[in-house]
Amino acid sequence: MADRYEPATFEAAWQKKWKNADLFLTRNNEDAPKFYGMDFFPYPSGAGLSVGHCRNYVPTDVICRMKLMQGYNVLHPMGFDAFGLPAENEAIKRKTHPAQMIEGYAATYRRQMDLIGVSYDWSRSFSSSDPEYYRWTQWIFELLYKRGLAYRRMAAVNWDPIDKTVLADEEIVGGRAERSGAIVEKKLIPQWFFKITEYAQRLIDDLDELNWPEGIKAQQRNWIGRSEGVQFTMQVAHSGHQEAAADDGFQVKGRRGTLAFDVFTTRIDTIFGMTFCVLAPEHELIESIVNKVGAEFADRIREYQVQAKLLSDTDRQATNREKTGVFTGAYAINPANGEEVPIWIADYVLATYGTGAIMAVPGHDERDFEFAKKFDIPVVQVIGPVDGSEVELPYVTKDGVLVNSGEYSGQTVAASQTELGVWIEGLGIGQRKIQYRLRDWLISRQRYWGCPIPIIHTKDGEMQLAPEDCLPVELPMVENYEPSGDGTSPLAHIPEFVNVTDLDGRLGQRETDTMGGFACSSWYFLRFCDPKNENAPWSFDAAKYWMPVDCYVGGSEHAVMHLLYARFWTKVLFDAGLVTVKEPFARLENQGQVLALTPYRKPREDEKLDLGEEGILVSYQDAKSIPEEDLFYRWARMSKSKGNVVTPEEAVELYGADALRMYLLFVAPFSADVQWSSDGMQGQVRFLSKIFKLVDDLKSLYYGEWRGVIGFEDLDDAAKAVRRQTHKTIRKATEDVDKFAFNTYVSSLMIYINELNDLLKKHAANPSRGFALAMSEAVEAVILLMSPGAPHSADELWNSIGKSGFTLNECWPTFDEKLSADDTVTIAVQVNGKLRDTFEIDATASKEDMEKAATTAPKAQAHLEGLTIRKIIVVPGKLVNIVAG
RNA sequence: GCCGGGGUGGCGGAAUGGUAGACGCGGUGGUCUCAAACACCAUUGGGGUUAAACCCGUGCGGGUUCGAGUCCCGCCCCCGGCACCA
């Protein structure tokens, strides 16, 4: 074996041996505790992996490897999230079939993951597009349907009138289709939803028990958006301002002869300040109003509705957009004071939140204020500061008391919110209510490459589930699967797929929408527990044993969608008695991104920059020929489109897999973004070489049976120093890996190696027997502690000292508190909190001894000159602070 | 605007309220070499000094404490997410 790190000579060889020995197959030792460590389900893109992806996989691998060495049964699987739009679009472009294409891409991913030595149990791998897998995705869909959690209703899709296709939100840029440039329209079609809103409260509550980054939990809470308020009914005025508002027999909300609508507010305390109401342009009541008001109003309302429909969501919600709206000609009655207020229509009120209608209080709401100013609607103050001082409107703080509010004037905001809520309930026109921002989960996709929804529409318009034993409803393998041009899924144009007869022999048609990819990734962690099961999605016992995932690792960009959906499904499955956990992921860790220095040039006069860009992206090749004053570099996320990707192949070729792994661990805290530099890997080559050199130097001292005799040896100071360092490092390294502090895990090994080198240099000439034994222990500790981070090198070194097999099968070292304790400690001497001196003292020294040593320390004494000692604070093992004046 | 995370040498970053800058990258000087690369050794927060002593120093301003990078209050800046959700 060489005395330096020469990866080309052994890394590939060890990977082969691991494979031949089935080293990474999941083990199931009796009585061992379990550890389930997993990475986010990746979509295997055609670009392959970059070193940025490895930053996710390597740390998970390190903790899994350590847990395995610690005696856990470890489940560390990997599979592929193969269904979905990116795959389909790319396959169309390449004129190939997505199934075939994805298979190739997944193989590339696997090859790259193997190349960096990640210990996945590939025997458990699958793709979400495998019929054996999506059969059970459909099965879970049916479970949701049976439990009333899957339903179909009309909903808008983004429609591209040029390409005649449905677009995903990410295919729209600035209200236009990314590809065709057409202005995107909204089109109502029937679509499938999962009723995640029914679980909103539980999804909030159960966050508390999760060991997740606070930021992610906060994002989920925001997304679910719980707010407490009051919902109540507003009557449309019969008479008064508008003769056409006379009763002509409309029936709305069960009130014969009247028009009415519900509003939701979190500020019921401001109800006396209501000076108008606003309905969303899509509000159903508008139809009735249009029929009752004069033609001029009706025309303006219609026009506004058309305009609103044409606006894309992004345009409509653009920041700082001026408020728009029209007066309907109708009035509503404020139940608090009986006053009539005008009803407006405006798109700043969303149809999809609350009741799609609001009471507007411009005195105490910025949006209403802005609207009122623009349309000259009165602004009334009904809340003021407790001290009665004048304030500028809108006054939106909840710190205050009611004014101009009848009998409620003088009450605090908090008190009146309760009282007014009770009052509304007493009147029978509404109730206090908890409202969530969360919407139901739209799963329909009018595309080919997804999991078919197992529903049959019978001739009589009924919906039936495809019988369980007929699952999966297989996606037909067809040549043409491009979007069909009429907005339906391509599946709708495959008669063999569509036409079926149900169990009673009646004719029916299959549902042709497919499920969005998030459905497939909402349960894959359960399938990994029992991936080959042909009779069930998983066996209850397997899931009971492995779940929850103990450590789930991936990027924070999935903070809401995937993680929320997976939590939702797990809760449904829990309710159905199919799993024993309410939450799928006990601990979540987000890795930082890997950024690469990316060349840009200044734009020429006629060039426009893309949104958020400072310059024009250029390739590294072109950068060489661009004049220096026009060229600049920025840190940008590694991606194929930026052309700044470093692949694991390149890194492994130049520096080695272990150097890449150790660099990824060391370069920054796990959750921080990383500025990639290949120089850093050279540093790891140097470090690994140092280990090879040290192990080589220690071979002459190495005694394989040290464990049996070291306890009987009378150890000299040198030997004790070695052991102390060994046991300190074992403790530090173990703790650091457990808490995902991989950078300090690596640095603790560096410190250890440096110390061992120093000690060896000092005592090599005349080593005692105890020193040799302590160094024997150290050699093994070094190799085993580095094994999770640099497994190839560890196995190479392990065998070089005469051991056989794999370090992964060895026990993780344990530390002995007594051995790691220092004999002597360095004590800091402070005078009035400022460091003045230090001294060495026996670790067991008494407080009195420390005080004495401190007060007589020469430099400290110089600072005590002429002062009276008032107090002495002694921190054992650390410092002495002398307070003097 | 709201929510979350940050701000420490030239750079990445360490520091249970207890010696700030561990470990590494880079730099400088040296050894090796015909030379370079690699490697190794020394040094490396700023000021100050022949050297030391000493002074300053964790975004800014206050506070608590024997002692604050760490805790509290008020600001500033950066990154991420959400964003007319009534």
Side-chain angles (χ1 to χ4, degrees), chain A residues 4 213-223 225-227 229-231 263-268 270 277-278 280 316-321 323 346-350 352-361 364-368 370-371 396 435-439 556-557 559-560 590 592-593 662-663 666-669 671-677 679-687 689-690 693 741 743-754 826-838 859 862-863 870-885:
Chain A
R4 59 195 175 110
E214 273 314 311
I216 302 284
K217 291 207 242 183
Q219 276 186 56
Q220 293 218 346
R221 285 194 195 98
N222 288 346
W223 188 263
R226 179 193 153 105
S227 46
V230 175
Q231 183 170 320
V263 296
F264 174 76
T265 180
T266 55
R267 294 297 305 273
I268 193 66
T270 64
C277 283
V278 186
R316 185 165 153 178
Q317 288 167 17
T319 42
N320 302 329
R321 182 170 156 253
K323 296 266 182 296
D347 64 7
Y348 83 91
V349 171
L350 307 175
T352 46
Y353 179 78
T355 61
I358 61 162
M359 67 172 212
V361 184
H364 305 281
D365 181 284
E366 277 172 16
R367 298 151 301 184
D368 298 344
E370 198 189 319
F371 192 84
V396 298
Q435 185 71 47
Y436 300 93
R437 242 166 85 167
L438 182 69
R439 313 286 152 87
S556 53
E557 66 274 14
V560 177
N590 296 129
Q593 297 179 10
M662 293 293 267
Y663 175 62
F666 180 70
V667 63
S671 60
D673 286 352
V674 168
Q675 299 179 344
W676 183 262
S677 109
D679 293 343
M681 275 189 295
Q682 189 56 48
Q684 294 303 320
V685 169
R686 205 149 35 220
F687 171 53
S689 286
K690 252 169 144 171
K693 172 96 170 21
N743 55 334
T744 49
Y745 154 69
V746 175
S747 104
S748 75
L749 294 179
M750 290 173 165
I751 294 167
Y752 187 34
I753 296 299
N754 290 344
T826 308
I827 303 296
V829 183
Q830 294 182 344
V831 177
N832 291 329
K834 288 202 167 200
L835 179 72
R836 293 304 178 190
D837 208 346
T838 61
K859 285 181 195 163
H863 284 272
R870 308 212 181 274
K871 194 175 171 186
I872 298 180
I873 288 130
V874 180
V875 184
K878 288 279 184 189
L879 62 66
V880 179
N881 187 12
I882 304 165
V883 186

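First the proteins, then the strands, lettered A, B, ... as listed; each starts at 1.
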Touch check for [X], heavy atoms < 4.0 angstrom, all strands: base, sugar-phosphate only, or nothing?
X: A:Thr266; result: sugar-phosphate
X: A:Gln435; result: nothing
X: A:Gln830; result: base
X: A:Pro669; result: sugar-phosphate
X: A:Val667; result: sugar-phosphate
X: A:Leu879; result: base
X: A:Arg439; result: base

May I ask you to decide whether A:Arg267 forms a salt bridge with A:Asp368, counting only side-chain N to carboxylate O separations under 4.0 Å? no
A:Lys871 side chain to A:Asn881 side chain, donor-acceptor N/O pair below 3.5 angstrom: no
How many whole angstroms separate atom CH2 of A:Trp223 from atom C1' of B:rG4? 16 Å
Rounded to whole Å, CZ of A:Phe687 lies from P of B:rC25 at a distance of 11 Å
Between B:rU49 and B:rU58, how far apart are the C1' atoms? Round to whole Å, please. 26 Å
Is the backbone N or O of A:Asp679 less than 3.5 Å from a side-chain atom of A:Tyr663, with the two atoms forming a donor-acceptor pair by type? no
Using only atom types and a distance under 3.5 Å, with no angle test, would you say the side chain of A:Asp673 pairs donor to acceptor with the backbone of A:Gly592? no
